[in-house]
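The structure displayed is predicted, hence computed values, not measured ones.
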Amino acid sequence: MKVKHLLGETTKNAPSDCTIASQTLMMRGGYMKYMANGIYSLFHITKRMTRKVENIIREEMDRIDGQEVMFPVVMPASLWEESGRYQSIGSEMTRFVDRNKNPMVLGMTHEEAAVHLARNTANSYTDYPFMIYQIQTKFRDEPRARGGLIRVREFTMKDAYSFHTSQEDLQQYYDRCLEAYRRIFFRAGAKNCISVQSDSGMMGGSVSHEFMLLADCGEDTLALCPACGYRANMEAAACVVENEPSTVEPLQKVYTPQAKTIEALSQYLHLDEKTLGKAVVYQQNCDDQYIVVFIRGDLEVNETKLRNYLGKEIHPAVVTPECGIVAGFIGPVGLTKSARMVFDKSLQGMESMVCGANEVDYHYTGINLKRDVGEVEYVDVAKTYEGAICPCCGKPVIQLKHGIEVGNIFQLGTKYTKSMNMTYLDKNGEAQYPIMGCYGIGVGRLVASICEESHDDYGPIWPMSIAPWQVQICNLRATDEHVNEIATALYETLQSRGVEVLYDDRDIRAGAMFADADLFGIPLRIVVSPKTCERGAVEYSLRDKSEKGDYPIEQAADQIEEKVKELLAVYNV
């Protein structure tokens with residue numbers, strides 16, 4: 001491919017709305033074009049890369065006995081009504097009515113389609129286990145599209161679905177998928193990708209992992225233990241605390257004027273926030289019932305954990321005068337019975353604490369929950385924090401890092417097969433529900449994430465395994481017959497040997513040509529100029545600036561080919 005024939009243009013400056021490095025560099029390099037919020041057209045250079053990622057994914061999915069299929073983008077709403085998700089998923093799913101007045105949806109995920117495909121087909125236990133996968137465009141009406149291809153509304157994704165006759169069989173296959181995912185991300189050149197325990201969210205299921213590429217721009221917060229290797233998404237990370245020993249004290253009501261916040265109360269009473277109880281109020285979406293979470297004063301509520309515990313969607317409460325809740329002075333003693341109380345584990349073992357008295361300008365000291373409230377259930381609904389106690393090894397060394405989710409895997413159980421009445425006959429001729437797993441990877445997001453972790457101020461530094469081309473030849477004097485002859489002959493020879501080459505023979509300044517080459521991010525750059533030809537060589541350099549030198553003209557094609565093989569071998573390609 002010649003640069004002068006490449007559709008798209010490079011620019012010195014990115015659009016003003018670019019917020020992260022990968023978006024900035026890929027917009028400047030002519031990788032994609034904005035069409036609408038969270039929707040981009042991809043130029044040839046990006047398509048070459050996504051195709052390589054897809055091929056790596058296919059090879060690894062086929063390696064664990066995956067069968068590639070294709071599901072429809074448009075599905076009847078009735079399929080989603082069977083699973084119950086037509087009602088439970090909100091505005092992220094696009095719903096419409098076709099010309100025959102049939103309710104339809106755009107696929108944002110394909111569990112229902114996978115069950116539909118296998119239902120009434122895999123009828124006997126002898127048909128199991130199996131895994132089907134696709135690589136396809138999906139649409140999710142993401143309300144927070146940002147960062148170019150990092151968070152979009154329309155995206156290409158590999159999603160896979162496995163079906164099993166036992167939990168043990170699912171676990172064995174799940175472990176195989178974990179290893180396959182590690183190979184995929186390694187081969188794609190993601191240097192800092194880790195798997196973490198995660199929350200299953202709308203997917204359902206009991207066990208799930210996310211693959212996170214560590215990056216400062218990542219929206220996900222991860223809890224990591226450097227001592228034992230514990231890793232979890234903030235949404236799923238256990239929060240373990242130790243309370244200072246305390247004694248039972250009498251319950252007393254004290255005057256605390258204007259002390260509506262933990263900070264104000266701590267200052268007024270000259271007490272550590274860890275000895276105070278904080279009340280955070282929510283309402284359930286389904287019925288607006290008030291949910292009051294009591295938690296240690298220095299901690300925050302993890303809303304994902306709270307949703308999972310309640311089994312209901314929630315929103316921050318609107319506290320009205322008639323609801324019986326006294327904002328800023330809420331406590332568990334004498335709280336209105338119309339509100340449901342939830343007690344975080346951080347309060348367990350606190351024999352005496354301070355909390356609101358449900359009266360303006362008053363708090364109780366000496367609250368003992370067992371004595372003053374009765375037997376309560378303690379649940380973990382708190383966010384972990386930097387320096388928290390690791391739930392595995394017990395050391396207070398938890399670190400919080402940011403990451404970009406590039407893949408996820410879930411053990412779904414029978415959530416979909418049972419709701420959609422998919423069964424098979426076991427050895428005894430009895431009907432059973434298959435157990436499912438599902439496994440996803442965002443293709444475009446992975447490419448952008450690799451750019452995010454591997455770039456400099458001038459452009460991406462693509463790994464050889466997914467780079468748009470393997471070699472770029474820069475002809476610095478295309479008007480010079482001798483230089484042009486050497487550069488063109490090298491280009492044609494490498495192409496004939498199957499080496500992927502981008503050839504720049506434009507009549508432009510060397511600085512402009514190198515600036516474009518940096519934006520293309522191709523691993524191996526070859527420069528042919530009057531000076532190199534005078535010394536009987538072409539100059540080579542690696543995009544990461546780790547190596548530079550000369551290849552004799554007569555041996556250049558052989559040495560370039562060997563260097564490409566060497567760089568590919570790093571990624572087991």
Are any of the side-chain heavy atoms of [X] and [Y] separated by less than 4.5 Å?
{"X": "Val564", "Y": "Met464", "result": "yes"}
{"X": "Ile466", "Y": "Ile56", "result": "yes"}
{"X": "Met157", "Y": "Thr137", "result": "no"}
{"X": "Ile184", "Y": "Phe211", "result": "no"}
{"X": "Arg231", "Y": "Ser195", "result": "yes"}
{"X": "Glu547", "Y": "Tyr540", "result": "yes"}

From [X] [atom1] over to [Y] [atom2], what is the distance, rounded to the nearest 0.5 angstrom?
{"X": "Glu111", "Y": "Cys438", "atom1": "CD", "atom2": "SG", "answer": "4.5 Å"}
{"X": "Ile450", "Y": "Arg445", "atom1": "CD1", "atom2": "CZ", "answer": "13.5 Å"}
{"X": "Cys474", "Y": "Ile526", "atom1": "SG", "atom2": "CD1", "answer": "9.0 Å"}
{"X": "Arg296", "Y": "Ile262", "atom1": "CZ", "atom2": "CD1", "answer": "11.5 Å"}
{"X": "Asp518", "Y": "Leu25", "atom1": "CG", "atom2": "CG", "answer": "10.0 Å"}
{"X": "Trp469", "Y": "Leu6", "atom1": "CH2", "atom2": "CG", "answer": "4.5 Å"}

Full working for side chain to side chain contact (heavy atoms under 4.5 Å, CB included) between Lys545 and Arg543: CA-CA 5 Å; Lys545 297 181 171 59; Arg543 176 64 184 85; 3.7 Å; yes
salt_bridge(Lys2, Asp505) N-O dist < 4.0 Å: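 Counted as a salt bridge, because a side-chain N and a carboxylate O are separated by less than 4.0 Å.
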Is a donor on one side and an acceptor on the other found under 3.5 Å between the side chain of [X] and the backbone of [Y]?
{"X": "Ser454", "Y": "Trp462", "value": "no"}
{"X": "Glu386", "Y": "Leu400", "value": "yes"}
{"X": "Asp344", "Y": "Ala382", "value": "yes"}
{"X": "Asp216", "Y": "His402", "value": "no"}
{"X": "Tyr439", "Y": "Gly407", "value": "no"}
{"X": "Thr10", "Y": "Arg28", "value": "no"}

Matching residue for Asp516 among Lys4, Arg525, Lys12, Arg506 - test: salt bridge (charged side-chain N to carboxylate O under 4.0 Å, His left out):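 Checked Lys4, Arg525, Lys12, Arg506 against Asp516; only one passes salt bridge (charged side-chain N to carboxylate O under 4.0 Å, His left out): Arg506.
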Pairwise side-chain hydrogen bond (donor to acceptor under 3.5 Å, both in side chains) hits with a residue in residues 150-160, at least two apart: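 For residues 150-160, and leaving out neighbouring residues, the side-chain hydrogen bond (donor to acceptor under 3.5 Å, both in side chains) pairs sorted by first residue read Gln134-Asp159, Lys138-Asp159, Asp141-Arg153, Glu142-Arg151, Arg151-Glu219, Lys158-Tyr181, Asp159-Tyr161.
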Would you kindly say whether [X] and [Y] are connected by a side-chain donor-acceptor distance under 3.5 Å?
{"X": "Gln197", "Y": "Tyr230", "answer": "no"}
{"X": "Asn408", "Y": "Glu210", "answer": "no"}
{"X": "Glu539", "Y": "Tyr551", "answer": "no"}
{"X": "Tyr133", "Y": "Arg58", "answer": "no"}
{"X": "Glu112", "Y": "Ser83", "answer": "yes"}
{"X": "Asn13", "Y": "Thr11", "answer": "no"}

Step through the shown structure and confirm whether more than 12 heavy atoms of other residues, nucleotides or ligands are within 6.0 Å of [atom1] on [X].
{"X": "Gln87", "atom1": "CD", "result": "yes"}
{"X": "Lys305", "atom1": "NZ", "result": "yes"}
{"X": "Lys33", "atom1": "NZ", "result": "no"}
{"X": "Asp98", "atom1": "CG", "result": "yes"}
{"X": "Tyr458", "atom1": "OH", "result": "no"}
{"X": "Asn192", "atom1": "CG", "result": "yes"}
{"X": "Lys563", "atom1": "NZ", "result": "yes"}
{"X": "Lys191", "atom1": "NZ", "result": "yes"}

On a heavy-atom basis, which atom in [X] and which in [Y] lie closest, and how many Å separate them?
{"X": "Ala388", "Y": "Thr384", "result": "CB-OG1, 3.3 Å"}
{"X": "Leu149", "Y": "Met26", "result": "CD1-CE, 4.1 Å"}
{"X": "Ile57", "Y": "Val443", "result": "CD1-CG2, 4.2 Å"}
{"X": "Val483", "Y": "Cys533", "result": "CG2-SG, 4.0 Å"}
{"X": "Ile404", "Y": "Cys217", "result": "CD1-SG, 3.8 Å"}
{"X": "Tyr385", "Y": "Ile398", "result": "O-CG2, 3.6 Å"}

Aromatic ring proximity Tyr31/Phe43, centre distance under 6.0 Å: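 For Tyr31 and Phe43, the ring centres are not under 6.0 Å apart.
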Asn484: side-chain contact (heavy atoms from CB on, under 4.5 Å) partners, not counting sequence neighbours: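 In terms of side-chain contact (heavy atoms from CB on, under 4.5 Å), with neighbours along the sequence ignored, Asn484 is linked to Asn475, Ala478, Thr488, Tyr503.
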Geometric cation-pi criterion Arg95 and Tyr86, 6.0 Å radius, 45° cone: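 Ring-cation test returns yes.
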Inter- and intrachain pairs under salt bridge (charged side-chain N to carboxylate O under 4.0 Å, His left out), touching residues 34-46, at least two apart: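 For residues 34-46, and leaving out neighbouring residues, there are no salt bridge (charged side-chain N to carboxylate O under 4.0 Å, His left out) pairs at all.
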